[in-house]
Amino acid sequence: MFKAKSITNDIYYVGVNDRQKLMFENQIPLPFGVSYNSYVIVDEKIALIDTVEIPFAEIYIDKLLDVLRGRSVDYLIINHMEPDHSGSIRAIKRLFPDVKIIGNARTFKMLAGYYGIEDGLMEVTDGSTISLGKHELKFFLTPMIHWPETMMTYDASDKAIFTGDAFGAFGALDGGVVDADLMVNKYLDEFDRYFSNIAGKYGSPVQKALEKMHSVQIDYICPTHGPVWREQIPKIIDMTNSLSRYEGKRGVVIVYASMYGNTEQMAEAIAEGLSESGEKNIMIYDVAKTDASFILTDIFRYDRLVMGSPTYNNGLFPEMASFLLKIENRDIKHRKFSYFGSSTWSNATMRIFAAFAEKMKWEVIGTAVEEQQSLKENAYKACIALGKELAKA
Ligand SMILES: Cc1cc2nc3c(=O)[nH]c(=O)nc-3n(C[C@H](O)[C@H](O)[C@H](O)COP(=O)(O)O)c2cc1C
Ligand SMILES: [Fe+2]
Ligand SMILES: [Fe+2]
């Protein structure tokens, strides 16, 4: 019953929308859902590229059968083994026992480990090609976007590249599949959030992959999540390039924790100082209120970061401690940084933030501000001065 969607004459979309999952990887909220994308190239031979997460196998296979019209899948190309894409491999193999599974040496180790599949394999290396008839496919090994086995598949005839998680976006596909047929701004925001949270750590592998992609002409980027990119290709390549270099546009993110509002007042004063100096791009976040994935997205987008926390049981406020771990986990580079803290009897947060800056190799701007009990005039002025320093940085 379910229908596939054509992208070009020979390339079809057979992916599915997941609007039920609350948290991607059980940690990142999905206010707009997510899609698991899979593609079919129909030629003398038929190639299927990646699959979908197992709960969606029924709808997925229905769409696939719509494309096949009685034919079989000759090749199943596995660009990425993470279970959101590899989940239906066993179902495909059961349906088409003669299918040749294409992957690299690392793919096949994972394939055996996850699904016990060890036969019918066709191993490719970087630059290998196969012909489907009219369509010649070339494989680019792109390790660590976002696992060691990840690769990309390029179709020279339709100039389409199947990129796995690279160039992916959160957001289920509302009607269309190609960017030109969607309300694209929502997906561009979710593209940034996806990159920051999922691929963010792998800046240098992403740079290497971009270099490899330079060698071919690309009319369609077909990732495993979110829209197929056609009109927005220059923009998303530019965004990926900039995010993976950790460049950061001009802007300041202030992230604080506060139980009774004292630390919060310091955040406000720093923002005042920034604003008085003409800075407009200021984002203030309460770490306990806004989900970390959104704050991380802005930290990736902007060049300056200020963090503040009350001392809590001789350490950071727990949500702030966990947030530092999330930043560290993504290895965000080159931020200009400052910090502030509030306590009542002995401050612990200042040395923790100072050590964190050192660990991240971030440049510390201005004089960090510390206050005890409520915010008083000296510290208030110091916060405004810090804001002014940050505006100049
Ligand atoms: C549960 C709890 C634990 C705290 N632990 C410490 C501490 O170990 N050392 C300290 O100097 N202050 C401690 N404080 C005091 C706060 O750090 C201080 O009141 C701070 O100004 C609170 O900032 P806020 O108003 O932004 O929440 C603690 C407060 C609470 C509620
Ligand atoms: Fe992945
Ligand atoms: Fe994925």
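For clarity, every value in this text was computed on a predicted model and none was experimentally measured. Throughout, numbering of the chain's residues begins at 1 and tracks the sequence. Whatever order the structure lists ligands and atoms in, that order sets their numbers, starting from 1.
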> Show me, by chain and number, every protein residue that has a heavy-atom distance under 4.0 Å to ligand 1.
Ser258, Met259, Tyr260, Gly261, Asn262, Thr263, Pro310, Thr311, Tyr312, Asn313, Asn314, Ser342, Ser343, Thr344, Trp345, Ser346
> Is the shortest distance from a Lys or Arg side-chain nitrogen in Arg335 or Glu363 to a carboxylate oxygen in the other one below 4.0 Å?
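Answer for the salt bridge query: no.
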> Is Arg193 close enough and on-axis enough to Phe294, meaning under 6.0 Å and within 45°, for cation-pi?
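Satisfied, under 6.0 Å and within 45°.
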> Can we say Lys63 and Asp66 salt-bridge, meaning some charged N sits less than 4.0 Å from an Asp/Glu carboxylate O?
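Answer for the salt bridge query: no.
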> Do Tyr39 and Tyr12 have ring centroids that are under 6.0 Å from one another?
no
> Describe, in one word, how the ring planes of His225 and Phe24 are oriented to each other, choosing from parallel (under 30°), tilted (30 to 60°) and perpendicular (over 60°).
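The rings of His225 and Phe24 stand perpendicular, inter-plane angle above 60°.
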> Check residues 378-393 and write down every donor-acceptor pair under 3.5 Å in which the side-chain atom is one partner and the other belongs to a residue at least two apart or another chain.
unit_1: Tyr380; atom_1: OH; unit_2: Glu272; atom_2: OE1; d: 2.8
unit_1: Lys381; atom_1: NZ; unit_2: Glu377; atom_2: OE2; d: 3.1
unit_1: Lys388; atom_1: NZ; unit_2: Glu276; atom_2: OE1; d: 3.2

> Is there a donor-acceptor pair closer than 3.5 Å between any side-chain N or O of Thr8 and the backbone N or O of Ile11?
yes
> Residues two or more places apart in sequence or in another chain: which of them pass side chain to side chain donor-acceptor pair (under 3.5 Å) with Tyr256?
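With sequence neighbours excluded, Tyr256 shows a side chain to side chain donor-acceptor pair (under 3.5 Å) to Glu264, given in chain and number order.
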> What protein atoms of element N, O or S are positioned under 2.8 Å from the Fe ion (ligand 3)?
Asp84 OD2, His85 NE2, Asp165 OD1, His225 NE2
> Would you call Arg230 and Asp219 a salt bridge, using N to O less than 4.0 angstrom?
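No, no charged N to carboxylate O under 4.0 Å.
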